[in-house]
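One structure is given here, and the rest of the page talks about it.
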Amino acid sequence: MLTSEYLTCPDLFADTVVDWQKTDGRNALPWQQDPSPYRVMVSELMLQQTQVTTVIPYFQRWMQKLPDIHALAAADTDTVMALWQGLGYYARARNLHKAAKYIVFDLGEFPFELNDLLTIPGIGRYTAGAIRSFAYDAYGPIVDGNVRRLFCRLFGIEGVPTTSAVDKKLWALADALTPKQNNRRFAQALLDLGATVCKPKQADCLSCPLQTQCVAFNTGRVAELPTAKPKKMTPTKAGHFLWIEQGDKLLLQKRPDSGIWADLWSLPQVDETAESLLQAKLQGQFQHVFSHYKLDASVWHPVSGVSEPAGSSWYNKEQVLEIGLPAPIRSWIEKNWLKKS
DNA sequence: CACTCGTGGAA
DNA sequence: TTTCCAAGAGT
């Protein structure tokens with residue numbers, strides 16, 4: 001790694017990005033108002049691998065329904081999953097629910113120390129540092145996608161950033177560059193720089209406050225850093241779902257507490273060798289793309305008289321709106337049921 | 001360490 | 001249309 005003025009004088013780095021953030025950063029995001037530990041935790045869990053514009057309406061709805069950690073700790077699973085429905089990565093919702101119960105019933109108060117925050121379900125090194133910074137305005141190093149990109153370019157770090165060797169370097173830099181004061185604005189500055197200036201493509205180097213010190217900019221390698229990781233082929237899987245209507249109700253099944261769409265309600269899914277498919281009629285098909293595979297889904301009308309799958313319940317058109325459904329299943333139900341008179 | 005875990009915005 | 005990838009964590 002090239003030596004940088006910022007490494008010998010970390011305060012210079014902090015002062016530079018903090019000053020930039022005051023005038024050019026984002027300062028009106030919903031979770032920046034009343035940044036209590038609870039609000040910061042909820043926002044950070046929602047923001048994991050999810051864009052700000054996607055999270056905002058979910059965060060608003062969540063806070064209206066579950067305004068404090070005691071409300072969340074007392075809520076039931078279906079309420080939590082319904083509020084999360086459509087956001088994806090549903091383990092985050094389960095972990096957030098567990099976290100609230102753990103903090104309220106076991107700890108008694110929201111932790112302050114990094115090591116204590118790390119014992120909370122769903123909170124890893126990044127999120128622990130983010131809660132320290134945003135909720136307590138205390139020392140809390142963060143390395144997320146934004147910081148990885150920013151540091152790889154600024155210090156000319158080679159190698160795929162998610163490998164352990166590079167990851168270790170990035171955290172060492174974050175530990176060293178994070179100041180002892182102004183942590184809330186400092187952390188926001190790193191995220192804002194990565195999101196609005198040091199972008200993955202079309203980096204806006206001309207308006208970057210770190211430009212003169214940036215190794216990638218000074219060597220013309222902004223487009224090459226960080227090193228892209230080799231992409232792998234994603235497999236396609238087939239899924240078979242049952243459409244079973246009775247009167248004004250539709251049969252839905254609670255999915256298991258692990259695996260894809262865990263704890264959500266869905267059309268009952270069966271193996272392609274299932275007896276219920278033997279004389280079933282195909283209602284239609286759709287495709288859905290996940291991060292790691294593609295799903296070719298078929299929806300079947302089984303012959304009448306098939307036994308109800310375990311863990312299934314009947315829902316009418318109003319009840320279906322209030323439970324957590326996978327996005328493509330909800331979409332299918334809307335098109336084929338709700339919008340049909 | 002490699003894999004699992006969603007969805008949608010943006011180029 | 002395809003591709004990337006986003007305030008990552010758990011196993």
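Convention: sequence-line order gives letters A, B, ...; per-chain numbering from 1. Just so you know, these numbers come straight off a predicted model, no measurement behind them.
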Checklist entry - In terms of ring plane angle, is the pair F241(A) and F286(A) parallel, tilted or perpendicular, where the classes change at 30° and 60°? => result parallel
Item to check | Sugar-phosphate only, base, or nothing, as touched by A327(A) at under 4.0 Å among non-hydrogen atoms | outcome: sugar-phosphate
Next on the checklist: Is the ring pair F13(A)/F186(A) parallel, tilted or perpendicular, if the boundaries are 30 and 60 degrees?
Outcome noted: perpendicular
Checklist entry - Residues in ring-ring contact (aromatic ring centres under 6.0 Å, His included) with F151(A), at least two apart? => result F155(A)
Checklist outcome for this item: Expected list for residues 13-24 of chain A near DNA chain C, using heavy atoms below 4.0 Å, is none
Item to check | Per-nucleotide protein contact string for nucleotides 6-11 of chain C (B base, S sugar-phosphate only, - none; heavy atom under 4.0 Å) | outcome: BBBSS-
Side chains of residues 193-201 of chain A: which donor-acceptor pairs under 3.5 Å do they make with residues two or more places apart or in other chains?
| residue | atom | partner | partner atom | Å |
| --- | --- | --- | --- | --- |
| T196(A) | OG1 | D192(A) | O | 2.7 |

Checklist entry - Quick one: are L264(A) and I323(A) in side-chain contact, heavy atoms under 4.5 Å? => result no
Checklist outcome for this item: Outer limits of DNA chain B sitting under 4.0 Å from a non-hydrogen atom of chain A, read 5' to 3', are dC1(B) to dG9(B)
Checklist entry - How far, in whole Å, is dC3(B) from dA7(C) if one measures between their P atoms? => result 25 Å
Checklist entry - What is the nucleic acid contact for V289(A), judged by heavy atoms within less than 4.0 Å: base, sugar-phosphate only, or nothing? => result base
Next on the checklist: Please enumerate all residues that pass side-chain hydrogen bond (donor to acceptor under 3.5 Å, both in side chains) together with Q253(A), with sequence neighbours excluded.
Outcome noted: none
Checklist entry - Does the ring of F112(A) carry R132(A) above it, NZ/CZ under 6.0 angstrom from centre and within 45° of its axis? => result yes
